Q: 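Before we start, here is the structure in question, set down as C-alpha cells.
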Amino acid sequence: QVQPVESGGGLVQAGASLRLSCVASGRTFNTYAVAWFRQAPGKERKFVAHSGWNTYYEDSVKGRFTISRDNAKNAAFLQMNSLKPEDTAVYYCAAGRLTTYIPTMPHEYDYWGQGTQVTVSS
C-alpha cells in the first residue's frame with residue numbers, strides 16, 4: 001500500500017503559480033501510476049493530470065499545468081501556472097496500478113490523499 005499526502009495549496013491571484021506536492025509513505029511511488037484530481041464545492045471530483053507510462057492532461061489545464069515525479073523522494077508534483085478562478089478546488093493526489101490506458105475516473109485509483117485547497121481570486 002501507499003499513502004499519499006498533499007501539500008502546497010493556498011490562496012493566490014489569477015495569473016499566479018502554485019506547486020503542489022504529493023509525498024507517499026509505504027511502498028515506493030514509482031511502482032504506481034499517479035494522478036491529480038480536483039473537486040470544487042458542490043461538484044464531482046474531476047481528473048486533472050496523470051503520470052504513468054505516459055502523461056496526460058485534462059483539456060482545460062493543458063499548457064498550464066505540469067505533472068512530474070521524483071522517485072528518489074517518493075514524490076509527485078503538480079506545477080500550476082497561469083491560474084484562473086475556475087481552477088479553485090480541493091486538489092487530491094491519487095495512486096493506482098500502472099495500466100496501458102489512461103485512467104481518468106476516481107474509482108480507477110486505489111489510494112488517495114486528504115486534499116489541499118487551492119483558491120484563485122480574480
Side-chain angles (χ1 to χ4, degrees):
Q1 287 190 346
V2 63
Q3 179 58 54
V5 178
E6 307 95 335
S7 62
L11 170 62
V12 296
Q13 289 189 331
S17 298
L18 276 176
R19 187 184 191 223
L20 304 183
S21 298
C22 174
V23 178
S25 61
R27 294 185 62 181
T28 54
F29 225 11
N30 62 359
T31 61
Y32 293 88
V34 176
W36 289 92
F37 285 76
R38 63 187 178 186
Q39 188 166 16
K43 302 286 185 65
E44 293 182 348
R45 192 169 298 189
K46 293 187 176 181
F47 171 82
V48 174
H50 167 96
S51 174
W53 299 121
N54 299 290
T55 57
Y56 180 74
Y57 300 91
E58 189 269 328
D59 285 347
S60 70
V61 307
K62 284 180 181 177
R64 299 189 299 124
F65 290 12
T66 303
I67 188 171
S68 62
R69 303 171 71 153
D70 185 336
N71 292 330
K73 296 181 178 179
N74 225 29
F77 307 95
L78 186 68
Q79 178 66 43
M80 306 186 296
N81 299 328
S82 302
L83 282 162
K84 304 175 181 180
E86 50 264 44
D87 294 319
T88 295
V90 176
Y91 283 71
Y92 295 90
C93 176
R97 64 186 181 91
L98 287 165
T99 59
T100 56
Y101 66 96
I102 307 295
T104 61
M105 300 299 292
H107 72 265
E108 296 178 292
Y109 292 86
D110 301 310
Y111 306 103
W112 291 83
Q114 82 290 349
T116 185
Q117 177 70 48
V118 171
T119 304
V120 184
S121 63
S122 57

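A quick note: this is a predicted structure, and the numbers were derived from the prediction, not measured. Side-chain atoms are counted along with the backbone in the values below, which use heavy atoms only and exclude waters and symmetry mates.
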Q: Strictly by disulfide bond (SG atoms under 2.5 Å apart), give each pair with a member in residues 38-74 just once, sequence neighbours left out.
A: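 Those involving residues 38-74 do not exist here.
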Q: Once you round to the nearest 0.5 Å, how far does CH2 of W36 lie from CG of L20?
A: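 It is 4.5 Å, given to the nearest 0.5 Å.
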Q: Y91 and E6: side-chain contact (heavy atoms from CB on, under 4.5 Å), yes or no, with the steps?
A: CA-CA 8 Å; Y91 283 71; E6 307 95 335; over 6 Å; no
Q: If you group Ile, Leu, Val, Met, Phe, Trp and Tyr whenever their side-chain heavy atoms sit less than 4.5 Å apart, what else falls in with Y56?
A: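 Under the 4.5 Å side-chain rule, Y56 groups with F37, F47, V90, Y92, I102, Y109, W112.
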Q: Show me, pair by pair, the donor-acceptor contacts under 3.5 angstrom made by side chains of residues 58-69, not counting sequence neighbours?
A:
unit_1	atom_1	unit_2	atom_2	d
E58	OE1	S60	N	3.1
E58	OE1	S60	OG	2.3
E58	OE2	S60	N	3.2
E58	OE2	S60	OG	3.4
D59	OD1	K62	NZ	3.0
S60	OG	R38	NH2	3.3
R64	NE	S60	O	3.3
R64	NH1	S82	O	2.9
R64	NH1	D87	OD2	2.7
R64	NH2	S60	O	3.0
R64	NH2	D87	OD1	3.0
R64	NH2	D87	OD2	3.4
R69	NH1	Y32	O	3.1
R69	NH1	S51	O	2.9
R69	NH2	F29	O	2.7
R69	NH2	Y32	O	2.7

Q: Roughly how far, to the nearest 0.5 Å, is CG of L18 from CG of N81?
A: 9.5 Å
Q: Taking all atoms of both residues into account, what is the closest heavy-atom pair of T88 and A40, and its distance?
A: O-CB, 3.9 Å
Q: Could you tell me which residues satisfy side chain to side chain donor-acceptor pair (under 3.5 Å) with S25, sequence neighbours excluded, listed by chain and number?
A: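 S25 satisfies side chain to side chain donor-acceptor pair (under 3.5 Å) with no residue once adjacent residues are dropped.
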Q: Side chains of T116 and S7: closer than 4.5 Å at any heavy-atom pair?
A: no
Q: Give the minimum heavy-atom separation between P103 and E108, together with the two atoms involved.
A: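 Taking P103 first and E108 second, the nearest heavy atoms are CA-OE1, 3.4 Å.
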Q: Under the disulfide bond (SG atoms under 2.5 Å apart) definition, can you give me all pairs with a residue in residues 48-122, not counting sequence neighbours?
A: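 Those involving residues 48-122 are C22-C93.
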Q: Measure across S17 and V12 and return the closest heavy-atom pair with its distance rounded to 0.1 Å.
A: O-CG1, 4.5 Å
Q: So, for A14 and S122, which heavy atoms are closest and what is the spacing to 0.1 Å?
A: CB-CA, 4.4 Å
Q: Kindly indicate whether the side chain of L98, heavy atoms from C-beta on, has any atom under 4.5 Å from the side chain of T31.
A: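 No, their side chains stay 4.5 Å or more apart.
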Q: My understanding is that only residues two or more places apart in sequence, or in another chain, count here; which of them pass side chain to side chain donor-acceptor pair (under 3.5 Å) with E86?
A: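 Checked E86 against side chain to side chain donor-acceptor pair (under 3.5 Å); zero matches.
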Q: Applying the 4.5 Å side-chain criterion to the ILVMFWY set and letting contacts propagate, would L83 and Y57 be lumped into a single cluster?
A: yes
Q: At their closest point, which heavy atom of Y101 faces which heavy atom of T99, and how far apart are they?
A: O-OG1, 2.7 Å
Q: What is the distance from atom CD of Q39 to atom CD of E44, rounded to the nearest 0.5 Å?
A: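 These two atoms lie 8.5 Å from each other.
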Q: Nearest 0.5 Å, what's the CD-CD distance between Q3 and Q114?
A: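 Answer rounded to 0.5 Å: 8.0 Å.
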Q: So, for G9 and V118, which heavy atoms are closest and what is the spacing to 0.1 Å?
A: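 Residues G9 and V118, closest heavy atoms: CA-CG2, 4.1 Å.
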